Trainee: 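Please see the structure below; I have some questions.
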2 protein chains.
Amino acid sequence: MNYTRDNMAGLLRGHEINPTHQRIEIAHALFSRQEHLSADQVMAAVNTRHSETSKATVYNTLKLFLEKGLVREVIVDPSKVFYDPNTTPHHHLYEVDSGKLSDIDAGSVQISGLPPLPDGMVTEGIDLIVRVRRQP
Amino acid sequence: MNYTRDNMAGLLRGHEINPTHQRIEIAHALFSRQEHLSADQVMAAVNTRHSETSKATVYNTLKLFLEKGLVREVIVDPSKVFYDPNTTPHHHLYEVDSGKLSDIDAGSVQISGLPPLPDGMVTEGIDLIVRVRRQP
DNA sequence: TCGCGCGATTAGACAAAGTCCAGATTGGAC
DNA sequence: GTCCAATCTGGACTTTGTCTAATCGCGCGA
């Protein structure tokens with residue numbers, strides 16, 4: 001897969017997002033890395049040379065991407081939210097001491113026996129997080 | 001089960017925690033309710049009549065309880081951490097719009113097919129969170 | 001009983017993540 | 001080129017949580 005800035009415009013349009021410069025840069029930061037980035041890290045990635053994109057825009061854009069289903073939110077650390085460019089069903093492995101976050105393919109994992117949902121509720125998502133720590 | 005303040009002292013001692021007034025009050029707030037409370041809510045619960053316990057003590061104490069295995073941390077909402085007096089294995093149901101958090105008994109739920117852990121890592125915990133939303 | 005030592009508590013300053021707003025900028029349509 | 005709506009921006013603000021230095025209070029030995 002080729003995550004050039006040019007391809008980003010199409011990706012954004014495909015999700016009903018008006019592709020502006022800033023949005024393309026932010027999408028590029030996330031998708032070219034294929035990693036889990038926090039808002040801070042996105043901001044740093046986008047503003048490497050000189051300050052180009054404001055904090056407000058980074059937050060607004062990440063929220064927009066989230067609403068439009070372009071990225072996923074991963075909540076594992078109380079201090080910051082991570083954004084995940086991989087929106088296919090999968091789980092997460094979180095290394096508590098290093099803060100490293102990686103994907104667990106959903107293919108082989110089976111979750112069964114979940115109780116029925118309360119009336120009038122629909123599932124928004126199922127998050128499975130395996131927290132690990134380096135052996136002492 | 002009877003979660004009186006008197007019993008709290010024993011509970012704390014059983015976990016190698018020196019039972020002070022403030023710690024007893026905080027434990028009582030959590031265990032008598034048997035609910036998921038945020039630090040803010042604990043503080044409010046403990047200081048209903050007149051201010052009795054400082055913010056620093058609430059945070060210190062919750063962290064202490066966590067280390068000593070008296071409570072569990074539940075990270076579902078980026079804006080605040082919840083503390084769970086139920087430390088038996090179980091999962092969580094989170095109602096996104098209301099912020100309501102409830103337990104899912106682990107008994108009937110089966111998770112299988114998790115990949116092996118990276119070398120030298122030990123599992124600290126597995127969090128399964130079902131996010132639901134009121135049907136539109 | 002007195003005072004000592006030490007763990008626990010406190011107020012308040014501070015830090016970091018995220019939100020909000022009013023004004024400036026941009027870029028497409030005409 | 002002009003206009004307009006959408007977008008972006010700096011900076012003030014809020015909230016959650018941390019830190020620190022001073023104080024408190026309780027057990028214990030003399």
Side-chain angles (χ1 to χ4, degrees), chain A residues 5 8-9 12-13 15-30 36-47 49-68 70-71 73-84 96 99 101, chain B residues 5 8-9 12-13 15-30 36-47 49-68 70-71 73-84 96 99 101:
Chain A
R5 284 175 176 76
M8 289 301 104
L12 294 180
R13 278 196 209 91
H15 285 261
E16 300 180 311
I17 298 170
N18 195 357
T20 65
H21 286 208
Q22 289 87 341
R23 290 171 182 174
I24 288 174
E25 281 306 309
I26 292 172
H28 180 72
L30 280 163
H36 308 82
L37 298 183
S38 66
D40 260 30
Q41 293 174 313
V42 169
M43 190 143 46
V46 160
N47 292 334
R49 324 197 135 251
H50 15 70
S51 186
E52 289 151 10
T53 303
S54 72
K55 185 168 65 150
T57 298
V58 169
Y59 278 99
N60 287 343
T61 301
L62 288 171
K63 195 184 283 181
L64 178 69
F65 284 5
L66 187 64
E67 284 164 8
K68 297 296 189 181
L70 193 61
V71 300
E73 215 177 24
V74 186
I75 303 171
V76 285
D77 182 313
S79 74
K80 57 184 63 176
V81 173
F82 288 97
Y83 293 88
D84 187 346
V96 173
L101 183 61
Chain B
R5 283 176 178 72
M8 288 303 102
L12 294 180
R13 276 194 212 92
H15 287 259
E16 301 180 310
I17 298 169
N18 194 357
T20 65
H21 289 288
Q22 290 87 340
R23 290 171 180 176
I24 289 173
E25 282 306 309
I26 291 171
H28 180 72
L30 280 163
H36 308 81
L37 298 183
S38 65
D40 260 30
Q41 292 173 314
V42 169
M43 189 143 46
V46 161
N47 291 335
R49 325 196 136 252
H50 15 70
S51 186
E52 289 152 9
T53 303
S54 72
K55 187 170 59 152
T57 298
V58 170
Y59 279 98
N60 288 343
T61 301
L62 288 173
K63 195 184 283 182
L64 179 68
F65 285 5
L66 187 64
E67 282 164 9
K68 297 295 190 181
L70 193 62
V71 300
E73 214 177 25
V74 186
I75 302 170
V76 285
D77 182 311
S79 74
K80 56 183 63 174
V81 174
F82 287 96
Y83 292 88
D84 189 346
V96 174
L101 183 61

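What you see is a predicted model, and the numbers here were worked out from it, not measured in a lab. Proteins come first, then strands; the chains are lettered A, B, ... in the order of their sequence lines, and each starts at number 1.
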Trainee: Identify the heavy atoms of Val58(A) and Ala39(A) that sit nearest to each other, and give their distance.
Mentor: CG1-O, 3.9 Å

Trainee: Take the protein atom CG of Asn18(A) and the nucleotide atom C1' of dT7(D), then report the distance between them rounded to whole Å.
Mentor: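 After rounding, the gap between these two atoms is 9 Å.
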
Trainee: Please report the distance, rounded to the nearest Å, between CD1 in Ile75(B) and P in dA17(C).
Mentor: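 Between P of dA17(C) and CD1 of Ile75(B): 15 Å.
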
Trainee: How close do His15(A) and Lys68(A) get, heavy atom to heavy atom, and via which atoms?
Mentor: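 Nearest pair, atom of His15(A) first, then Lys68(A): ND1-O, 3.3 Å.
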
Trainee: Could you tell me how far apart Glu25(B) (CD) and dT9(C) (C1') are, to the nearest whole angstrom?
Mentor: 15 Å

Trainee: Please state whether the phosphate of dC8(D), meaning OP1 or OP2, lies under 4.0 angstrom from any side-chain nitrogen or oxygen of Thr20(A).
Mentor: yes

Trainee: Which heavy-atom pair separates Val81(B) from Pro78(A) by the least distance, and what is that distance?
Mentor: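 For Val81(B) and Pro78(A), the tightest heavy-atom pair comes out as CG2-CB, 3.2 Å.
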
Trainee: Over how many whole Å does the gap from Asn47(A) atom CG to dT9(D) atom P extend?
Mentor: 9 Å

Trainee: Output the rounded distance in Å from CD1 (Ile24(A)) to C1' (dT7(D)).
Mentor: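 Distance check: Ile24(A) CD1 to dT7(D) C1' gives 14 Å.
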
Trainee: Output a table of donor-acceptor pairs, distance under 3.5 Å, between side-chain atoms of residues 40-47 of chain A and any protein atom two or more places apart or on a different chain; print 'none' if there are none.
Mentor:
from: Gln41(A); atom 1: OE1; to: Ser38(A); atom 2: N; distance (Å): 2.8
from: Gln41(A); atom 1: OE1; to: Ser38(A); atom 2: OG; distance (Å): 3.3
from: Asn47(A); atom 1: OD1; to: Glu52(A); atom 2: N; distance (Å): 2.9
from: Asn47(A); atom 1: OD1; to: Thr53(A); atom 2: N; distance (Å): 2.9
from: Asn47(A); atom 1: ND2; to: Thr53(A); atom 2: O; distance (Å): 2.9

Trainee: What's the CE-P distance between Met43(A) and dT19(C), to the nearest Å?
Mentor: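 Spelled out: CE on Met43(A) to P on dT19(C) is 12 Å.
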
Trainee: Would you indicate which nucleotide in dG17(D), dA17(C), dA8(C) comes nearest to any side-chain atom of Val81(B)?
Mentor: dG17(D)

Trainee: Where do Leu30(B) and Tyr83(B) come nearest, in terms of heavy atoms and distance?
Mentor: CD2-O, 3.8 Å

Trainee: Give me the distances for all protein-to-nucleotides 23-30 of chain C N/O pairs that come in under 3.5 Å?
Mentor:
none

Trainee: Which heavy atom in Val74(A) sits nearest to a heavy atom in His36(A), and how many Å separate them?
Mentor: CG2-CD2, 4.4 Å

Trainee: Given atom CG of Asp77(A) and atom C1' of dT16(D), what is their separation to the nearest angstrom?
Mentor: 13 Å

Trainee: Looking only at atom types and distance, does a side-chain atom of Arg23(B) sit under 3.5 Å from a main-chain N or O of Asn18(B), one as donor and one as acceptor?
Mentor: yes

Trainee: NE2 of His28(A) to CZ of Arg5(A): how many Å apart, nearest 0.5 Å?
Mentor: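 Atom-to-atom, His28(A):NE2 and Arg5(A):CZ are 3.5 Å apart.
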
Trainee: Start at the 5' end of DNA chain C and walk down; is the nucleotide closest to Lys63(A) or to Gln22(B) reached first?
Mentor: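 Counting from the 5' end, the first nearest nucleotide belongs to Gln22(B).
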
Trainee: Contact class for Ser38(B) vs. all strands (heavy atom < 4.0 Å): base, sugar-phosphate, or nothing?
Mentor: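 The residue Ser38(B) makes no contact with any strand.
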
Trainee: If we only count heavy atoms from C-beta on, is the Leu12(B) to Leu70(B) side-chain gap below 4.5 Å?
Mentor: yes

Trainee: Round to the nearest Å and state the distance from Ile17(A) atom CD1 to dT7(D) atom P.
Mentor: 10 Å

Trainee: What residues from residues 52-61 of chain B pass a heavy-atom cutoff of under 4.0 Å to DNA chain C?
Mentor: Glu52(B), Thr53(B), Ser54(B), Lys55(B), Ala56(B), Thr57(B)

